[in-house]
Amino acid sequence: MPDTPDYSWPAVEKRRVIGKRTSRLDGYAKSSGTAKYSYDIQRPGLLYGAVLTCPHAHARLTSIDAGAAQKSNGVTAVELLAKPGEEIHYAGYEVAAVAATSEDLARDALRKIKVEYEVLPHLVSERDLAKAGSRAKPSGEQVTGDPDQAFKDADAVSEGFYGIPVINHCCLESHGQVIEWKGNQFEYWPSTQNLSGIGGDLAKVLEIPATSVHTHMDVMGGGFGSKFGHDRWGEFGARLSKKSGGRAVKLFLDRSTELQIAGNRPSLFAKIKLGGKKDGTMTVWQSESWATGGVGGGGLPAGQLPYVFRGVPNKRMTHTSVSVNAAEERAWRAPNNPQLSYVTCCAMEDLAAKLNVDPVAFFDKNLDYAGKIPGPEAYRAQLKKAAELAEWARLWHPRGQSGSGSVKRGLGIGFNAWGGLGHPSKCLTTINPDGTVKVELGSQDLGTGTRTVIAMVAAETLGLPVAAVQVRIGDNKYPPSGPSGGSTTVGGVSASTRKSTMNALAKLFEVVAPALGVPADQLEAADSKIQVKGSPSKNLTWKAACRKLGTKSIAEMGENAQRGPGGLIGSGVGGVQIADVSVDTETGIVKMNRVVAVQDCGLVINPKTAESQCFGAVLLSISAALTEERVMDPVTGRILNADMEFYKLTGIGDVGEIIVHLNREPEHDKRGVIGLGEPPVIGGIAAIANAVTNAIGVRPPVVPLTPDKVLAALEGRNA
Amino acid sequence: MSRTKEPEERATSRAGFSRRGFIRGVGLGSGALSAGVLEGEAAAQAPGAKVVGPGAAPVTLKVNGKVHQLSLEPRVTLLDALRDRLGYTGAKKVCDRGVCGACTVMLDGKAVYACNVLAIEAQGREIQTIESLSEGGTFHPVIKAFVDHDAQQCGFCTPGFVMAAKAFLEQNPNPSYEQVKAGLGGNLCRCGTYMGVRKAVLQAAKEMKGAPHA
Ligand code: FES
Ligand code: FES
């Protein structure tokens, strides 16, 4: 390339597409049911897979006999997935799978597989650390400053217990795939957050070249962090298809298995003691925390507390990781952050109540402890805005002083913090002589609006309407993009698309410059024209300009090479959420009146889908705060609610209003594009728990705040 | 939670062999079904149930006005017949037990959970699926409203919501905001699109007035 173009985003006043509310490009396909999810893929002679899982939380498989299943009606292949002698560490572990001509016949066959187990002792609950025994792995104590002295000097000390249990991802499209072999190669339709990488990963375990896998996925039905790998079912699904002569096998987990093994978020429990001064300054933090992320222990690393307010001068912390007999944790939107925010913001509001300080003033005061990015002042501005939108001054009463009626109203606060930047991404832009434009990326749209954002960036750069850009994603024949995790997708794809489209446009300028009689660098693209800068009447229409390409299309790459800062994208955002609830103290029912979410996310490409991300995140928080919990049966070691009747997601009638306020001032915009997947999902649980506590005057220590827990707290039964 | 529309309401059976009906008929929790109790046996014991099968039997289904002849085991749900046999994949299987609404279709003008209706039981009835709302390249006002209000993210729940919204609006042409919140309570979304859905349903109500659409 002769000159490297200046890739930076156009100035705010020059943007015609970026920053405008734009309907998602696949909206009609999704709403009309014509969008094809991998779950909807139909192939000639399609077979259906089904999986048999272990019913015991801890067992040794002693024998497995699939002879009858093999002969069962419609069965084309059987895979044994566990061997005699194998120790199994959680219920739901896959022990066998079959492929058959219908789902019902596949399930019939599963019932004919005889498996015997020697049942072993299990532990499925981490809540009582004393009972965890050798399953608990404490990490050493971390001490900063002089906590003992700080407690002595404190004007008030508050102590509490706070818990947030394991929850499940519960993606509506369950995990799985369709695989169809053609000779030594196969077609692969997964439901994944990692379109470019997943095929190669699966090829590796199948010991075939990565080039032998063609991965496709147009749309996907939810991942939330749980869909990065091909998983065991990718592997045995491929084998079932191969054994069935290559016929396509559709294997998606049934709901129960999905909830047992295909994604859970670790818990966090903590005993926290805080001290502070009359003026509202928190001076000391002490926490003893523990968590489980399944059989591998896990949960968060020690020393992550307090959340956001890390700079408190005196700290003492221990953390214990507990291994339980349940499937391994998976990343869940903003891994560990909602839990950290929950215990931190709740413990801090308890200290504020002890000190008799309004929580807004209290958090404001202690924000000096927040890190540099986004920084105390950014948070203060957000807290102020959130308080204003939540009508804090009018509606907030000191804890427990919500009037004498049986329905009590309360407000509470939660904070969030996240990184951002962009994953590695490559984009190929083609401009054809007939004026058509396509941009290709091996990326995926999880429902976040990625496809639309790519089109908007390309349209902005090329001076075209959004509809004139064909976006091709969801196929591994396109240039690779990274997995969608950690809010890095919008940064990655917007940067690569911007660069690729600018590179392609520079080539077009070179071709048309002679016709317009100016050097290429004097041209610009706007309003579907290529025009001379400063004299827009000297122009060629986009079509006329492209015709000058003769028979040769332009094809140019652009790359977001690394997760480093580069002008187009940024990182380090914060947000504040305030919840407003009414609690019926006779029934224990919590009603969500309103949640206010004030959020920074840098330059906003599409406010319409960005707001949807925030609404969705707030709704997930409400669900986690009020209804969602994976309930383990201590006797059988199985999940009691591996279904959607009792694994309760928030419903459409359960919420009042949600107010989303995106910070879009020049100082936010100039930071570049920053992902929004994680941050708004973090603070809501704390905000709601604090609001309930504010309303009823006592803290129900463990979410979700179901009526029984609220009533127990009111009766002083804080178990 | 505040679901005013109970799952049972969506699974009303006329002919006596709805899936939920025979589960209840033998006094089993619905958990037993997915745990592998033989559906055929359960059906045989349900008082007053017609006995068909267990082998495949001829079944005629009229979907979006088109008649399809099929050979199906009686245990096959309407949802599986639509998706796996007839290629109508707009309705999704998510919970497979009448909780989430992702499989919502209309039977004789009423919203049902297609996972909770047996295909044999849908015979002789008008089955309408989401695919009928964009026939001929025009979109039903509910679909347009869902796009306008971004009432979808991953979109897996969306066709079910659109069908539920259409059925709801046909019964309640002038709903209040609160009625929308209550009336769409039989569908669940994991991505959290409810705010958009509520606004979309109100917009669609306005647009559907005086502009009847199939
Ligand atoms: S799949 Fe039918 S209601 Fe959930
Ligand atoms: S849009 Fe994803 S489940 Fe509703």
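The analysis underlying the following values was restricted to heavy atoms, covering all of them including side chains, and did not include hydrogens, waters or symmetry mates. All chains are named by letter (A, B, ...) in the order of the sequence lines, taking the proteins before the strands, and each is independently numbered beginning at 1. No experiment lies behind these values; they were computed from the predicted model shown.
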Query raised in the report: Looking at B:Cys191, B:Cys189, B:Cys154, which one has more heavy-atom pairs under 4.5 Å with chain A than the rest?
Result: B:Cys154
Query raised in the report: Taking side chain as C-beta onward, heavy atoms only, is B:Leu169 less than 4.5 Å from B:Val142?
Result: yes
**Report entry** Pairwise side-chain contact, B:His68 with B:Thr60, heavy-atom cut-off 4.5 Å (strictly under)
**Finding:** no
Query raised in the report: Looking at A:Tyr48, A:Tyr28, A:Phe224, which has the largest count of heavy-atom pairs under 4.5 Å with chain B?
Result: A:Tyr28
Query raised in the report: Which region of B:Glu73, side chain (C-beta onward) or backbone (N, CA, C, O), has a non-hydrogen atom less than 4.5 Å from a non-hydrogen atom of chain A, or is it both or neither?
Result: side chain
Report summary line: Applying a strict 4.5 Å limit to non-hydrogen atoms, the region of A:Glu258 in contact with chain B is neither
Requested in this report: Could you tell me which of A:Ala617, A:Cys170, A:Ser32, A:Gly33 has the largest number of non-hydrogen atom pairs under 4.5 Å with chain B?
Outcome: A:Ser32
Requested in this report: Specify which of A:Leu105, A:Ile622, A:Thr448 makes the most heavy-atom pairs with chain B at under 4.5 Å.
Outcome: A:Leu105
Report summary line: Turns out that what part of A:Phe252 lies under 4.5 Å from chain B's heavy atoms comes down to neither
Query - Ring-face cation contact, A:Tyr39 with B:Lys93, 6.0 Å cut, 45° max - result: no
Report task. Before giving the answer on side-chain contact (heavy atoms from CB on, under 4.5 Å), spell out for B:Asn116 and B:Thr77 the whole-Å C-alpha distance, their side-chain angles and the decisive distance to 0.1 Å. Result -> CA-CA 7 Å; B:Asn116 252 4; B:Thr77 62; over 6 Å; no
**Report entry** CH2 on A:Trp189 to OG on A:Ser38, rounded to 0.5 Å
**Finding:** 9.0 Å
Query raised in the report: For A:Ser612, is it the side chain, the backbone, both, or neither that has a heavy atom closer than 4.5 Å to a heavy atom of chain B?
Result: both
Report task. Output, in order, the C-alpha distance, side-chain angles, deciding distance and verdict of side chain to side chain donor-acceptor pair (under 3.5 Å) for A:Thr192 and A:Lys227. Result -> CA-CA 5 Å; A:Thr192 185; A:Lys227 287 183 178 168; over 6 Å; no
**Report entry** Side chain / backbone / both / neither for B:Val76 at chain A, heavy atoms under 4.5 Å
**Finding:** both
Query raised in the report: For the candidates B:Val162, B:Thr193, B:Asp84, B:Thr158, which exhibits the highest count of non-hydrogen atom pairs separated by less than 4.5 Å from chain A?
Result: B:Asp84
Report task. Would you please name every residue forming a side-chain contact (heavy atoms from CB on, under 4.5 Å) with B:Tyr177, sequence neighbours left out? Result -> A:Glu657, B:Lys181, B:Arg198, B:Leu202
Query raised in the report: So do A:Leu172 and A:Met644 actually touch side chain to side chain, heavy atoms under 4.5 Å?
Result: yes
Query - Residue, of B:Glu131, B:Gln152, B:Glu178, B:Met163, that accumulates the most heavy atom pairs under 4.5 Å with chain A - result: B:Gln152
Query raised in the report: Quick one: of A:Lys250, A:Glu611, A:Met220, who has the most non-hydrogen atom pairs under 4.5 Å with chain B?
Result: A:Met220
Query raised in the report: Would one find more than 12 heavy atoms of other residues, nucleotides or ligands at under 6.0 Å from atom NZ of A:Lys20?
Result: yes
Report task. Below 4.5 Å from any heavy atom of chain B, which atoms of A:Glu173 appear? Answer side chain, backbone, both or neither. Result -> both
Report task. Using non-hydrogen atoms and a 4.5 Å limit, figure out which bit of A:Leu253 sits close to chain B: side chain, backbone, both or neither. Result -> neither
Query raised in the report: Can you list the residues that meet the side chain to side chain donor-acceptor pair (under 3.5 Å) rule with B:Gln203, with sequence neighbours excluded?
Result: B:Asp148, B:His149, B:Glu207
Query raised in the report: Looking at B:Ala102, B:Gly160, B:Cys157, B:Pro159, which has the largest count of heavy-atom pairs under 4.5 Å with chain A?
Result: B:Pro159
Report task. Determine, for B:Phe156 and B:Lys92, whether the Lys NZ or Arg CZ falls below 6.0 Å from the six-membered ring centre while staying within 45 degrees of the axis. Result -> yes
Query raised in the report: Which region of A:Leu446, side chain (C-beta onward) or backbone (N, CA, C, O), has a non-hydrogen atom less than 4.5 Å from a non-hydrogen atom of chain B, or is it both or neither?
Result: backbone
Query raised in the report: Using non-hydrogen atoms only, which part of A:Asp40 is less than 4.5 Å away from chain B: side chain, backbone, both, or neither?
Result: both
**Report entry** Contact origin within A:Tyr37 toward chain B - heavy atom pairs under 4.5 Å
**Finding:** side chain
**Report entry** Polar side chain donor-acceptor pair, A:Thr609 to B:Asp150, under 3.5 angstrom
**Finding:** no
Query raised in the report: What part of A:Tyr647 gets closer than 4.5 Å to chain B, counting heavy atoms only: side chain, backbone, both or neither?
Result: side chain
